Amino acid sequence: MNYRTFGKDKREVSVLGFGCMRLPTASGELDGTVIENEASRMIRRGIDAGINYIDTAKVYHDGCSEAIVGRILQGGYREKVLIATKLPLWEVKSRSDADRIFDEQRRDLKTDKIDVYLLHNIQRAYWSTVQKNSLIEWGAKKKEAGEIDYFGFSFHDSYDFFVDVVDAYDYWDFCQLQYNYVGESIQAGRLGVNYAANRGLSVVVMEPLLGGCLAKPIGKMAELFEWNQHEGNDYKPVDLAFRWIWDQPQISVVLSGMSAYSQLEQNLKIASRKDYGTLTQDELSFIMYLQRVYDQSLPIKCTKCRYCMPCPDGVDIPLNFELYNNHFVMTQMNKSALINKVLYDAMPKKQRAANCVKCGKCEKICPQKLPIRDHMKTIQTTFNS
């Protein structure tokens with residue numbers, strides 16, 4: 001296992017973290033039917049192989065994930081890892097709610113201290129909750145009391161807002177971003193990774209394989225891999241996806257939500273390569289081709305320029321487009337796309353596609369001339385079905 005540093009004290013962490021949002025389930029969905037024996041076998045195998053960063057959240061697997069992780073880490077495994085979990089901002093109406101949830105999480109995880117604690121899913125919609133309840137100061141006090149070692153946030157919004165969040169508090173230890181080679185300019189993106197690192201934050205990456213879609217490419221992306229094999233290049237989709245991220249030294253941990261033992265073994269092998277963080281120029285060029293092909297395959301050709309924003313009625317147009325595009329790709333791959341509906345439902349109603357009044361102002365200024373009103377209707381139908 002390869003390791004990098006995390007936090008201002010330069011704690012050594014495995015470059016591969018075990019994400020507990022996609023544990024094996026009887027239904028095959030991200031629900032509460034977790035096959036705990038298999039989940040235990042996988043997590044303990046990962047820890048035995050050197051993984052020392054375990055990420056969960058109160059809402060994962062219908063609220064079961066934390067308790068399952070707590071049970072799995074008994075018998076000496078708790079002491080070998082950093083446990084990361086998150087405060088669900090949408091459930092917080094007061095500081096007392098935050099205290100209650102935090103205590104519930106410690107109980108379920110069977111630990112007095114939560115090593116790595118995040119404000120979950122920071123976006124503009126929840127920023128007022130953070131500020132009104134002084135949750136940044138709340139987290140700082142938990143850290144001073146020794147109940148948290150590292151305090152940070154996970155993020156799902158634009159780069160501009162990401163900068164505001166990072167700059168709002170001088171003592172963030174880290175941030176967690178959705179990031180992969182087809183999402184280099186989505187949400188905070190590469191600009192966000194670099195900005196956070198320059199401000200002294202460690203960076204944790206989630207969705208490195210876009211919910212598994214980059215593990216088994218289809219269509220023209222699959223054809224590119226086949227063509228390169230004929231050219232004598234044995235490029236592997238998962239290997240390239242992980243190594244593209246690890247090629248950026250400012251990233252500390254890459255979380256992988258592994259749902260099968262074979263996925264774990266594959267990822268462990270990649271994370272143990274001596275050249276795990278080094279891509280050749282040929283590999284980088286090939287990834288650029290993959291990025292172009294992927295962009296061309298998306299149903300909504302949004303470039304995230306945000307000229308359409310702000311919407312006079314409050315709709316977050318680019319975010320709706322992003323969730324729909326991700327949903328489309330995952331559905332095409334026969335992957336669970338539930339995460340996109342969860343994120344859609346977590347948006348304030350004002351920001352959802354359903355709030356579009358079809359005024360058409362956005363279409364007049366969209367450089368891509370997208371039929372935004374038609375797309376909003378499609379998105380509304382998709383996520384409300």
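Nothing here was measured: the structure is a model prediction, and the numbers come from that model.
- Residues Tyr150 and Asp9 have side chains that bring a donor and an acceptor to within less than 3.5 angstrom of each other.
- Asn325 and Tyr294 share no donor-acceptor pair across their side chains, judged by distance under 3.5 Å alone.
- Gln250 and Asn194 share a side-chain donor-acceptor pair at under 3.5 Å.
- The pair Asp167-Arg199 meets the salt-bridge criterion, with a side-chain N (NZ, NE, NH1 or NH2) lying under 4.0 Å from an Asp/Glu carboxylate O.
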For residues 367-377, run the donor-acceptor check on the side chains, cut-off 3.5 Å, and write out each pair with its distance to 0.1 Å, sequence neighbours left out.
residue : atom : partner : partner atom : Å
Arg373  : NE   : Glu363  : OE1          : 3.3
Arg373  : NE   : Glu363  : OE2          : 3.1
Arg373  : NH2  : Glu363  : OE1          : 2.8

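- Residues satisfying the side-chain hydrogen bond (donor to acceptor under 3.5 Å, both in side chains) criterion with Asp62, sequence neighbours excluded, are absent altogether.
- Remark: Glu144 does not engage Lys141 in a salt bridge, criterion side-chain N to carboxylate O under 4.0 Å.
- Ion pairing between a basic and an acidic side chain is recognised when a charged N comes within 4.0 Å of a carboxylate O; Glu91 and Lys86 show no such pairing.
- Using a 4.0 Å cut-off between charged nitrogen and carboxylate oxygen, Arg243 and Asp239 count as a salt-bridge pair.
- With Thr33 contributing its side chain and Ser27 its backbone, the two residues share a donor-acceptor pair below 3.5 Å.
- Around OH of Tyr261, the count of heavy atoms belonging to other residues, nucleotides or ligands within 6.0 Å exceeds 12.
- Separating the CG atom in Asp247 from the CZ atom in Phe242 is a distance of 15.0 Å, to the nearest 0.5 Å.
- Annotation: side chain of Val130 is in contact with side chain of Ile136 (closest heavy-atom distance under 4.5 Å).
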Checklist entry - What's the verdict on ring pair (Phe, Tyr, Trp, His ring centres under 6.0 Å) for Tyr53 and Phe18, showing C-alpha distance, side-chain angles and the deciding distance? => result CA-CA 6 Å; Tyr53 193 103; Phe18 203 120; over 10 Å; no

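- Of the N and O atoms on the side chains of Trp138 and Asp99, at least one donor lies less than 3.5 Å from an acceptor on the other residue.
- Listed by first and then second residue, the side chain to side chain donor-acceptor pair (under 3.5 Å) pairs involving residues 108-124 are Arg78-Thr111, Arg78-Asp115, Gln105-Tyr117, Lys113-Asp149, Asn121-Gln123, Arg124-Asp157, Arg124-Ser158 (not counting sequence neighbours).
- Using a 4.0 Å cut-off between charged side-chain N and carboxylate O, Arg100 and Asp97 make a salt bridge.
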Next on the checklist: Does Phe225 form a ring pair (Phe, Tyr, Trp, His ring centres under 6.0 Å) with Tyr235? I'd like the steps, not just the answer.
Outcome noted: CA-CA 7 Å; Phe225 276 101; Tyr235 296 154; 7.4 Å; no

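- Under a 4.0 Å N-O distance rule, the pair Lys143/Asp173 qualifies as a salt bridge.
- Looking at Asp48 and Arg45, no side-chain N of the basic residue comes within less than 4.0 Å of a carboxylate O on the acidic one, giving no salt bridge.
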